[in-house]
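The structure appears below as structure tokens.
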Amino acid sequence: MSVVLKIKEVTAVAINQLYGIDLLPVDILVNATKPEFEGDYTVVLFAFIKQLKKSPDALGQELGDHITTENQHLFTSFNVIKGFLNLTVADNYWLHFIGDQYKNISFGCAPANGQKVMVEYSSPNTNKPLHLGHLRNNFLGRSIAEILKANGNEVIKTCIVNDRGIHICKSMIAWEMFANGATPASTHTKGDHFVGDYYVKFNDEYKKEIDVLKTQGKTQEEAEKEAPVMKATQQMLLDWEAGKPSVMELWSRMNSWVYEGFDATYKRIGSDFDKTYYESNTYLLGKDLVETGLAKGVFFQKTDGSVWIDLTADGLDEKLVRRKDGTSVYITQDIGLAEQKQKEFNAGQSIYVVGDEQNYHFKVLKLICQKLGLPSADGMYHLSYGMVELPTGKMKSREGTVVDADDLVDEMINIAKQKTEELGKVKDFTSQELEELYNTIGLGALKFFLLRVDPKKKMVFNPEESIDFHGFTGPFIQYTHARIKSILRKSGTIQKQETGNEQLGTALLPLEKELAIHLEMFPVILNDAATEHDPSKVAIYIFNLAKIFNSFYTEHSIGNAETEEKKILRLQLSQLTAQVIKTGMNVLGINVPERM
RNA sequence: GGACCGGUAGCUCAGCUGGAUAGAGCACAAACCUUCUAAGCUUGGGGUCAUUGGUUCGAAUCCAAUCCGGUUCACCA
């Protein structure tokens, strides 16, 4: 149990014993004490003074007295300033904690809780390569999955590939028109980029044809409808749905190129899935649920035959679930897929990592599933994240301002290489070890950059400045880890651990204590990150930990400490810090090097 | 127009279940490598927390209004 929780419990007990009032520990506010005051943790008393009819000062004194005398093993002193009760935690508490945990490689992680969670992320279109926005999605999805695992959940990672539809046909038509049989192999192009190029070519051609039609006196709208490439594309979609062999052949051929490209990218960035769904297999799902909904009266039919759900009572609009021609729409297949996933995996919670432009969609989706009484409905959670924007605004493929994922990863790895060579600290590494190190640092910088901000918020990426390697960054934390490992290598294994740290006797110095306090918070942080679906909580925490360690490192000698006891203590602190950094970075999907 | 999200230092972001004098990083200025990795440490300047009003012992945080920016409300996916 964390100290903070203990303080809350002890305070609740004290208030009960002193004043006979029952309070829940959760209702008691405990903060870290501000540096300018004496103490480690602070109980904020204002909330109780009315109920207890005491002055803040009197209440603080009585509570402080009671709490410290009843829990002498936990607190050494207290002081009261205004309505704040500042408690100083006994050094022995921290010594015990360090001694108990420094060898625990799964410190912070919870045992299996028997719960199953699905995380759907990545979900690409097969008509263009991945860009910076997809990277945020992939890193978030992977990270939230790891965070949930660390908290004891069984996690199933899934991906729904958008491999059909009008946009895919656009690439196919353009390829037929312009490629002369070219392939990724014949042009030495990565498959997803190859296909993406034809998607661009389609749009160029489409624009041209529209312009021509407009000079012939058509309106924009007419021209858009009548352009021959667009007509051909629509015909191709119909042919695809009818299963026309030549179209199916081209479709699967082009998709296979894209998958080859995606696989390469996924492998580099560390995305993987336990189960991949393809829309070409799932787009007809949910049709039967429309009938169910009609029978239940959840849906209604308009005179033209189209089927709708009325969500106006929930503050939303009417939503179409089946077209008048009997074909289903996007949301219908999502309902069907939700049901399918439930049948297949029966997870208690299902997390969808999808951009915030689909907030409305997911609100509607969950509501419909609830109204249909699907067992998966209540466990649906949309992990909504903001767009990654450029200083000039949104990325636009039409204006060529999209930051390509492969290019960016290459660039980051290159910068890592350049900086590593400049510093020249690992000249004895083999070329293979160097490659691995550049990957670790480059991807570490990129992942940390995208995960350190609250997922819900949109963020800005400035390609001009590239991504920093100093300060609040992945490499800074990786560097801290490498530094600690260097010390541990040089200092050998820790002796005397059997004696128990409380007997080490020496009082903790301020930075030693600050480190211990921070380390002790890790399990709570990991748990918060899971319940709030927010990896940035871990990123910020790890950064602060690394900062404290670096101050500690500069101020105190570890390997050559003043006494043997101090040396042991500091080595234990260092080892636990390295362990927490490693675990914390790993749940962000980031590796930490032994040397850099 | 309705709904939802955001506006905190020059820039990028924390803090938002109300608590002590609003914090980091970058950038800028200064000091620190005969001793455990300087991708580091220390110090300094830098703020009308969009605006106005309200709630109260106390508001960046909650409420209302206004301004600015974004997303969304397709028989698109």
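Chain naming here is simple, since letters A, B, ... match the order of the sequence lines and numbering starts at 1 in each. Worth knowing before you read on, the calculation uses all heavy atoms, side chains too, and leaves out hydrogens, waters and symmetry mates. Keep in mind it's a predicted model, so treat the numbers as computed, not measured.
With the nearest nucleotide of RNA chain B identified for both A:Leu423 and A:Phe46, A:Phe46 has the one nearer the 5' end. Closest-nucleotide positions on RNA chain B for A:Asn560 and A:Gln333 were compared, and the one nearer the 5' end corresponds to A:Asn560.
OP1 or OP2 of B:U37 lies within a sub-4.0 Å distance of a side-chain N or O belonging to A:Ser486. Between A:Arg323 and the phosphate of B:C76, there is a side-chain N or O to OP1/OP2 separation shorter than 4.0 Å. For A:Tyr360 and B:G2, the shortest distance from a side-chain N or O to OP1 or OP2 is not below 4.0 Å. For B:U72, the OP1/OP2 oxygens have no side-chain nitrogen or oxygen of A:His361 closer than 4.0 Å. Taking side-chain N and O atoms only, A:Lys394 has a distance below 4.0 Å to OP1 or OP2 of B:U71. The shortest distance between the side-chain N/O atoms of A:Lys34 and the OP1/OP2 oxygens of B:A20 is below 4.0 Å. Residue A:Lys547 places no side-chain N or O under 4.0 Å from the OP1 or OP2 atom of B:G40. Close to B:C57, at under 4.0 Å from its OP1 or OP2, lies no side-chain N or O of A:Lys82. Distances shorter than 4.0 Å separate some side-chain N or O of A:Lys537 from OP1 or OP2 on B:G15. OP1 and OP2 of B:C41 both lie 4.0 Å or more from every side-chain N or O belonging to A:Arg483. A close approach under 4.0 Å does occur between a side-chain nitrogen or oxygen of A:Ser551 and OP1 or OP2 of B:U42. Note on A:Lys50: a side-chain N or O is less than 4.0 Å away from OP1 or OP2 of B:C57.
Taking atom CD1 on A:Ile28 and atom C1' on B:G19, their separation rounds to 16 Å, with Å as the unit. If you take CZ of A:Arg164 and P of B:C76, they are 12 Å apart, rounded to a whole angstrom. In this structure, the CZ atom of A:Phe461 is 18 Å from the P atom of B:C26, given to the nearest Å. A:Asp356 has its CG atom 10 Å from the P atom of B:U71, to the nearest Å. Following rounding to the nearest Å, A:Leu24 (CG) and B:U17 (P) show an atom-to-atom distance of 19 Å. Taking atom CG on A:Leu237 and atom C1' on B:A77, their separation rounds to 11 Å, with Å as the unit. Rounded to a whole Å, the CD1 atom of A:Ile168 is 10 Å from the C1' atom of B:A77. Between A:Asp325 atom CG and B:C75 atom P there is a gap of 12 Å when expressed in whole angstrom units.
Geometrically, A:Lys319 does not engage A:Trp308 in a cation-pi contact defined by less than 6.0 Å to the ring centre and at most 45° from the axis. Both cation-pi conditions hold for A:Lys419 and A:Phe469: the charged atom is under 6.0 angstrom from the six-membered ring centre and inside a 45 degree cone around its axis. By the 6.0 Å and 45° rule, A:Arg595 does not stack over the aromatic ring of A:Phe429.
As judged by a 4.0 angstrom heavy-atom cut-off over every strand, A:Met387 is placed among residues making no nucleic acid contact. Contacts of A:Glu279 with the nucleic acid, taken as non-hydrogen atoms under 4.0 Å apart, involve only primed sugar atoms and P, OP1 or OP2. Among the atoms of the strands shown, base atoms are found under 4.0 Å from some heavy atom of A:Ile441. Among the protein residues, A:Gly559 comes within range of the nucleic acid bases, having at least one heavy atom under 4.0 Å from a base atom. Heavy atoms of A:Thr480 sit nowhere under 4.0 angstrom from any nucleic acid atom. Residue A:Asn359 is out of contact with every strand shown, counting any heavy-atom pair closer than 4.0 Å. Base contact: A:Arg595 has a heavy atom under 4.0 Å from a base atom. Using a 4.0 Å heavy-atom cutoff across all strands shown, A:His481 reaches no nucleic acid atom at all. A:Val453 comes within 4.0 angstrom of the backbone, heavy atoms only, and of no base. Among the atoms of the strands shown, base atoms are found under 4.0 Å from some heavy atom of A:Asn86.
For B:U43 and B:A3, the C1' atoms lie 50 Å apart once the distance is rounded to whole Å. Taking atom C1' in both B:U61 and B:A29, one finds a spacing of 34 Å when rounded to whole Å. Between the P atoms of B:C67 and B:U52, the separation comes to 15 Å (whole Å). For the C1' atom pair drawn from B:U8 and B:A14, the interatomic distance equals 10 Å after rounding to whole Å. Spacing of C1' atoms, B:A65 relative to B:U72, comes out at 24 Å, to the nearest Å. Taking the C1' atom of each, B:C49 and B:C62 are spaced 15 Å apart, rounded to whole Å. If you take atom P in B:U51 and the same atom in B:C11, they sit 15 Å apart, rounded to whole Å. On the P atoms, B:G6 is 12 Å away from B:A50, given to the nearest whole Å.
The side chain of A:Phe476 lies closest to B:G40, out of B:G40, B:A77, B:C36. The A:Gln358 side chain lies nearest to B:A77 when the options are B:A77, B:C13, B:U37. With B:A14, B:U71, B:G40 as the choices, the nucleotide that has an atom nearest any side-chain atom of A:Glu357 turns out to be B:U71. Nearest to the side-chain atoms of A:Phe84 among the listed nucleotides B:C41, B:A20, B:C75 stands B:A20. For A:Asp304, the listed nucleotide lying nearest its side chain is B:C75; candidates were B:C41, B:C36, B:C75.
Between A:Lys456 and A:Asp454, at least one side-chain N (NZ, or NE/NH1/NH2) sits under 4.0 Å from a carboxylate O, which counts as a salt bridge. No salt bridge links A:Glu435 with A:Lys417; every basic N to acidic carboxylate O contact stays at or beyond 4.0 Å. Here A:Glu514 does not pair with A:Lys547 in a salt bridge; the nearest charged N to carboxylate O distance is not below 4.0 Å.
Judged purely by distance below 3.5 Å, without hydrogens or angles, the side chains of A:Asn203 and A:Tyr198 never pair a donor atom with an acceptor atom.
Checked against A:Arg570 for a side-chain hydrogen bond (donor to acceptor under 3.5 Å, both in side chains), the options A:Gln575, A:Glu565, A:Glu512 give a single hit: A:Glu512.
Summarising the base pairing, B:G69 is matched to B:C5 through a Watson-Crick or G-U wobble pair whose two defining distances lie under 3.5 Å. B:G47 makes up no base pair with any nucleotide shown, lacking Watson-Crick or G-U wobble contacts both under 3.5 Å. Across every strand in view, B:C62 sits in a pair with B:G54 that passes the Watson-Crick or G-U test at under 3.5 angstrom.
Base orientation at B:C32 is anti, since its O4'-C1' glycosidic dihedral falls outside 90° of 0.
Residues A:Leu337 and A:Tyr277 form a side-chain contact, since some pair of their non-hydrogen atoms from C-beta on lies under 4.5 Å apart.
In this structure A:Lys567 satisfies the side chain to side chain contact (heavy atoms under 4.5 Å, CB included) test together with A:Ala561, A:Glu564, A:Leu571, sequence neighbours excluded.
Between the side chain of A:Thr33 and the base of B:A20, no donor-acceptor pair under 3.5 Å is found.
B:A20 has A:Phe37 stacked on its base ring, the centres lying under 5.5 angstrom apart and the planes within 30 degrees of parallel. Aromatic stacking of A:Phe472 on B:G25: not satisfied for centres closer than 5.5 Å together with planes under 30 degrees.
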